[in-house]
Amino acid sequence: MAARRAASSLLSRRLTLRPCAAASSTSDSAILGAARRLLPGALQRFNTASAAVTAATEEPIQPPVDVKYTQLFINGDFVDAASGKTFPTMDPRTGEVIARVAEGDSEDIDRAVAAARRAFDKGPWPRMTAYERCRVLLRFADLIEQHAEEIAALETWDSGKTLEQTAGSEVPMVARYMRYYAGWADKIHGLIVPADGPHHVQVLHEPVGVAGQIIPWNFPLLMFAWKVGPALACGNAVVLKTAEQTPLSALFVASLLQEAGLPEGVLNVVSGFGPTAGAALSSHMGVDKLAFTGSTGTGKIVLELAARSNLKPVTLELGGKSPFIVMDDADVDQAVELAHRALFFNQGQCCCAGSRTFVHESVYDEFVEKAKARALKRVVGDPFRSGVEQGPQIDGEQFKKILKYVQSGVDSGATLVAGGDRAGSRGFYIQPTVFADVEDEMKIAQDEIFGPVQSILKFSTVEEVVRRSNASPYGLAAGVFTRRLDAANTLARALKVGSVWLNCYDVFDAAIPFGGYKMSGVGREKGAYSLRNYLQTKAVVSPIKDAAWL
Amino acid sequence: MVVANGGGGGGGEKGFEVPELDIKFTKLFINGRFVDAVSGKTFETKDPRSGEVSARIAEGDKADVDLAVKAARDAFDHGPWPRMSGFERGRILHKFADLVDQHVEELAALDTVDAGKLFQMGKLMDIPGGANLLRYYAGAADKIHGETLKIPALAAGCTMVVKPAEQTPLSALFYAHLAKEAGVPDGVLNVVPGFGHTAGAAISSHMDIDKVSFTGSTEVGRLVMEAAAKSNLKSVSLELGGKSPIIVFDDADLDMAVNLVHIATYTNKGEICVAGSRIYVQEGIYDAFLKKAAEFAKKSVVGDPFNPRVHQGPQVDKAQYEKILKYIDIGKREGATLVTGGKPCGDKGYYIEPTIFTDVKDDMAIAQEEIFGPVMALMKFKTVEEAIQKANSTRYGLAAGLVTKNIDVANTVSRSVRAGAIWINCYFGFDPDAPFGGCKMSGFGKDMGMDALHKYLHTKTVVTPLYNTPWL
C-alpha cells in the first residue's frame with residue numbers, strides 16, 4: 001500500500017521543483033527581485049551563500065575508514081540476505097554510493113527472530129549472572145573507545161553529521177551509555193509486597209524475551225545505544241532493524257559486541273526497508289516487545305501492526321515541533337545562540353529540535369536581527385572538515401521535502417530573513433534558513449520540517465505562549481529561556497512535553513528519561529525508566545502457615 | 001587427619017608454593033601520601049602461622065587522625081571528588097576494580113600472612129568478590145536518584161578516613177596505593193592503621209567527621225556509639241557480632257545439611273560475624289547428623305594457608321587463639337560433651353582443631369556468647385515452634401540458616417526468626433545487590449546493595465512556592 005511505502009522514512013511525494021528564487025543561488029534578477037521584498041540584510045545572505053557554495057562544492061574529503069561489514073548480522077555471523085539482494089547506502093555529500101549492503105526482508109527477520117528466540121530460551125545470556133552481563137557490556141564500551149576514530153568516521157560518512165560531532169561527542173556518548181546500562185544489569189530488583197491475608201508475595205521483574213527494535217537515521221549509533229543498552233542489561237535478546245539510509249555503523253559495533261563476549265543470537269542486526277523488514281518485525285508473532293524511533297506517521301503503522309499480530313507492547317519515540325520560548329528578561333545574545341543550536345543542531349534533523357522559536361515582543365526585533373546574523377555565520381560544508389558546523393541533509397527525499405517547506409513558508413507570507421535555498425550544487429546541503437513573523441496556522445509552524453529552517457514567532461504573555469505551545473499534536477520537548485524563577489516554574493509545569501530544558505537545550509545525560517507526550521510518543525528511554533520497557537512483571541504467591549507477622 | 005604446617009623448622013610437608021612476599025606499604029596513607037605517624041611510633045603485625053613479626057607498621061593516634069580528617073574535610077569541601085559527576089567517580093572506581101584484579105595474588109598473599117586466611121579462597125573468592133562489589137558501586141555512582149528515597153561512601157561522593165584492624169593493616173594500605181593509582185584524588189581516601197582505643201576512639205569522637213561506620217565486636221560497637229553521641233552526634237552504623245543459628249529439619253538431605261553446617265561453622269576458621277555457631281538439629285536425624293558431622297570435622301586439614309590442600313588456617317592472633325581455647329575449656333566445665341577436636345594443633349602459630357560439642361544447653365556460655373573460632377555447638381529440638389523460639393533466644397540477630405525441603409516450614413520460619421539475613425538451604429548467600437546487616441545487638445544499618453548508599457547520603461528537602469500551576 002502507498003502508506004506502507006511512505007512509512008519507511010518520512011513522507012515522500014513526487015516533487016516538481018518550481019523555478020523560484022531559491023532554485024539557484026547564482027541566477028540574478030529573480031533573486032534580487034525577491035531580495036527587495038526581504039529585509040535589507042538579504043543581500044548579505046547572497047554573499048554568504050557564495051561562501052557556503054564554495055565549501056559545499058569542493059572535492060569531498062576521502063573518509064579515513066574502510067567499510068568492513070555490509071552483510072546482515074544473524075546468530076553471530078555476517079550473512080547475505082536470503083534473497084541475495086543488496087541496496088546502496090549513499091554519501092549525502094555527493095549522493096554517491098558508499099557501499100552496497102545486504103537487504104533484509106521478512107525471511108531474514110524470521111531467521112533473526114528465531115536466533116534471538118533460541119538465544120533467550122536456551123542460550124547462556126539470561127542464565128548468566130547479571131554481573132557477568134555487566135562485564136560484557138563494559139568490555140563493549142572499552143572496544144568502542146578503542147575503535148572510536150574508525151566508528152566516528154563511518155558514522156559521519158554515512159549520515160553527513162560533522163566529524164567534530166561524531167568523534168567529539170557521539171561516539172564517546174555511546175560508550176558512556178553502555179557503561180550506564182552495564183551498571184544497571186546487577187541492580188534489577190523485584191518487590192515483596194504485603195498481602196491482605198496469610199500469603200507470601202514476590203513480585204519479580206523478568207526479561208521480556210525477544211525485543212524488536214527499529215531505529216532511525218538521524219542518530220544511528222546513539223539510537224543503537226538507547227535501545228540495545230537497556231534491552232541487553234535486562235537479559236533480553238534483540239533483533240535490530242537499522243534505517244536504510246544509515247546501515248553501516250550498527251554492523252560495525254555489532255562485531256565489537258561479539259568480540260566483547262556477547263553470545264551468538266543475542267543481538268541480530270538486519271539492514272533493510274520499513275515496509276519490508278520493519279513491517280515484518282512489527283508483525284512478528286515471535287517478538288515479545290517492540291521499540292520504534294522515527295516519524296509519527298510510521299509510528300502509527302508500527303503500533304497497528306503490533307496490535308494486529310500478537311499485541312506486543314510498543315514504545316514509540318516520534319516527531320516533534322518543540323517550542324523554544326524566549327522571555328522578556330532574556331539576555332538576547334545568549335538566547336539567540338541557544339535557540340540557534342536548538343534548531344540547527346544535526347542539520348535540523350532532531351526529533352526534539354526547537355522548531356518554533358517564540359520570542360517575547362519586547363525583545364523580538366533585536367532577536368530576529370541577531371538570529372539572522374547567526375544563521376548567516378553558520379558554516380556549511382564537508383562534515384569531515386574541521387570548523388564546519390553543518391553537513392548535508394541525509395538524502396534527496398529529505399532535501400526536497402525541506403525545500404518544499406521553505407517554499408511554503410515564503411508562499412504563506414512569512415518573512416525569509418536568511419538562507420532559503422540549497423547550498424552548492426552537489427549533495428544535499430541546504431543554507432541555514434530563518435523565517436520571522438511566522439504565524440501558528442502556517443505549515444512551517446505546524447509540520448515537522450526536520451531541516452535547517454528556523455521559524456520565529458512573536459508572543460506577549462505567558463498564558464498566551466503556553467496555550468500556543470500546547471496547541472500542537474506533538475509534545476516532545478521545550479526550551480525556556482528566562483532567569484525568573486516563577487516564570488520558569490510555571491512554564492515547566494504548564495508545557496505538555498516530555499523534556500523541559502531551562503536555559504539549556506539537548507542535554508541527554510544517561511540518567512535523564514526522554515520521551516514524548518501526545519503524538520510525540522509513548523514511553524520513556526534512558527534513565528531507570530528505560531528498564532521498564534524490557535522487563536515483565538510476575539507476581540508469585542504462596543500461602544504462609546503460622547505467620548509471625550503479616 | 002589434621003596436619004599442621006608450622007612456619008619454618010622441619011616437619012612440614014612442602015610441595016606448594018608460597019609466593020614471594022614483599023611488604024611494600026607500612027606507613028599511614030594520608031592526603032595521597034604514605035607518611036610516618038606523628039609520634040614516630042610503630043607496632044608489629046604478626047604472621048599467625050608462626051607468631052613471628054611480618055612487619056612494623058606506623059602506629060596512628062589522635063594526632064594522625066586529626067591530620068587525616070583535615071585532609072578528608074578539605075577534599076570534600078574544596079576538592080574535585082564530590083564535584084565530579086557520578087559517572088566520573090564510577091569510572092575511577094572501575095579502574096580501581098581493574099587494578100584489584102591485576103594484583104589479586106599479592107593482595108591474597110597479604111591477607112594470608114596477616115590474617116591466616118586461605119590463599120586459594122582469597123584469590124578465587126574474597127578478592128574478586130571485592131572487585132565485584134567495587135564494580136557494583138561504580139555502576140551505582142551515576143544512579144543515585146534524589147527521591148524519596150541513593151566502596152558506597154566513595155560512590156556517593158564522600159571522603160573517608162579508614163582505620164583497619166591492628167591485626168591486619170597490610171592489605172588496606174595496598175588498596176590505598178591502588179586507589180591512588182586509579183585516580184582517586186588526594187585526601188579522598190585516608191588509611192590510618194592503629195589501635196582501637198587510640199586511633200579508633202579518635203575517629204569515633206572526632207568533631208569533624210560526619211558519619212562513622214563500624215564493623216567489629218558488639219562491645220566495641222557500644223564504645224563507638226557512645227563516643228559518637230558524646231562528641232558531635234555523628235550518624236553511626238554498626239555491623240557487630242552474631243550467634244547465628246542454623247536449623248536443620250528432619251526432612252533435610254542429611255549429607256547436604258552436614259556439608260552446609262560444616263562450611264557455615266568453620267569457614268575462615270570461624271572468624272566470621274555470620275558464622276553458624278548454634279546448630280539446632282531436629283531429633284529425628286540428630287544422631288545420624290552428629291556422627292557425620294564429627295567424621296567430616298575429623299577429615300578437615302588444618303595447616304599453612306598457602307597450601308592449597310589445607311581447609312583451615314591459623315586463628316588471627318594470640319589473643320583470639322587463647323580466647324577460643326578458654327571457651328572450649330568453659331564448654332567442658334559447663335557439662336557439654338566434646339565430640340571431636342578441642343585442642344591446639346602444632347606447636348607454632350595459632351592453629352586450633354575443628355571442634356564439636358554436643359549436649360549443649362541454651363543457657364551455656366558456649367551457646368550464648370560469640371566464640372569466633374572453629375567451635376560447633378550442637379543442640380536438639382522437636383517442633384518448629386521450639387526451633388523458632390530457641391533460634392530467637394539470643395541478644396544477637398545477624399543471620400540464620402534453615403535446611404528443609406518443605407515450603408511451609410521455609411515460609412514460616414524465615415519470617416519468624418529475627419535476623420538480618422535468612423539463608424534457606426544455603427549459607428553465606430551474599431551478593432553485592434543484597435543489603436546485609438543485623439538487628440538487635442548485631443547492629444543496625446545495611447552494607448551492600450543500594451541501601452548501603454543511604455548511610456552516606458543526607459536527604460535534603462528543597463521547597464519553593466509555585467504560582468499559576470496547572471496541576472498540584
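Numbered from 1 within each chain, the chains take letters A, B, ... in sequence-line order.
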Show which side-chain atoms of residues 197-205 of chain A pair as donor or acceptor with protein atoms under 3.5 Å away, not counting sequence neighbours.
residue: A:His200; atom: ND1; partner: B:Arg415; partner atom: NH2; Å: 2.9
residue: A:His205; atom: ND1; partner: A:His189; partner atom: O; Å: 2.6

**OP:** Of all the heavy-atom pairs spanning A:Ser542 and B:Ile407, show the shortest one and how long it is.
**Re:** CB-CD1, 4.4 Å

Subject >> chain A contact via B:Pro432 - which portion, at a heavy-atom distance below 4.5 Å >> reply: neither

Subject >> Heavy-atom side-chain contact between B:Val409 and A:Lys545 under 4.5 Å >> reply: no

**OP:** For A:Arg127, look at atom CZ and say whether over 12 heavy atoms of other residues, nucleotides or ligands are found less than 6.0 Å away.
**Re:** yes

Subject >> Proximity breakdown for A:Arg176 and chain B, heavy-atom pairs closer than 4.5 Å >> reply: both

Original post:
Distance from B:Ser85 atom OG to A:Asp509 atom CG, nearest 0.5 Å?
Top reply: 8.5 Å

Original post:
Should the heavy atoms of other residues, nucleotides or ligands under 6.0 Å from CZ of A:Arg139 be counted, would the total exceed 12?
Top reply: yes

**OP:** Step through the shown structure and confirm whether more than 12 heavy atoms of other residues, nucleotides or ligands are within 6.0 Å of NZ on B:Lys123.
**Re:** yes

**OP:** Could you tell me which portion of A:Ile188 (side chain, backbone, both or neither) has an atom closer than 4.5 angstrom to a non-hydrogen atom of chain B?
**Re:** backbone

Subject >> Least distance between heavy atoms, A:Ala511 atom then B:Asp142 atom >> reply: CB-O, 4.0 Å

Subject >> Lys/Arg-Asp/Glu bridge criterion (N-O < 4.0 Å) met for B:Asp433, A:Lys187 >> reply: no

Original post:
Quick one: CD1 on A:Ile544 to OG on B:Ser414, what's the gap to the nearest 0.5 Å?
Top reply: 8.0 Å

Original post:
So with a 6.0 Å cut-off around OH of A:Tyr529, is the heavy-atom count from everything else above 12?
Top reply: no

Original post:
Atom CG of A:Leu138 and atom CG of B:Asp98: how far apart are they, to the nearest 0.5 Å?
Top reply: 8.5 Å

**OP:** Starting at CG of A:Asp186, measure out to CG of B:Asp431 and round the result to the nearest 0.5 Å.
**Re:** 7.5 Å

Original post:
Are the charged groups of B:Arg91 and A:Glu145 less than 4.0 angstrom apart, N to O?
Top reply: yes

Original post:
Taking all atoms of both residues into account, what is the closest heavy-atom pair of B:Asn411 and A:Pro543, and its distance?
Top reply: ND2-O, 3.3 Å

Subject >> Within 6.0 angstrom of B:Met160 CE, more than 12 heavy atoms from elsewhere >> reply: yes

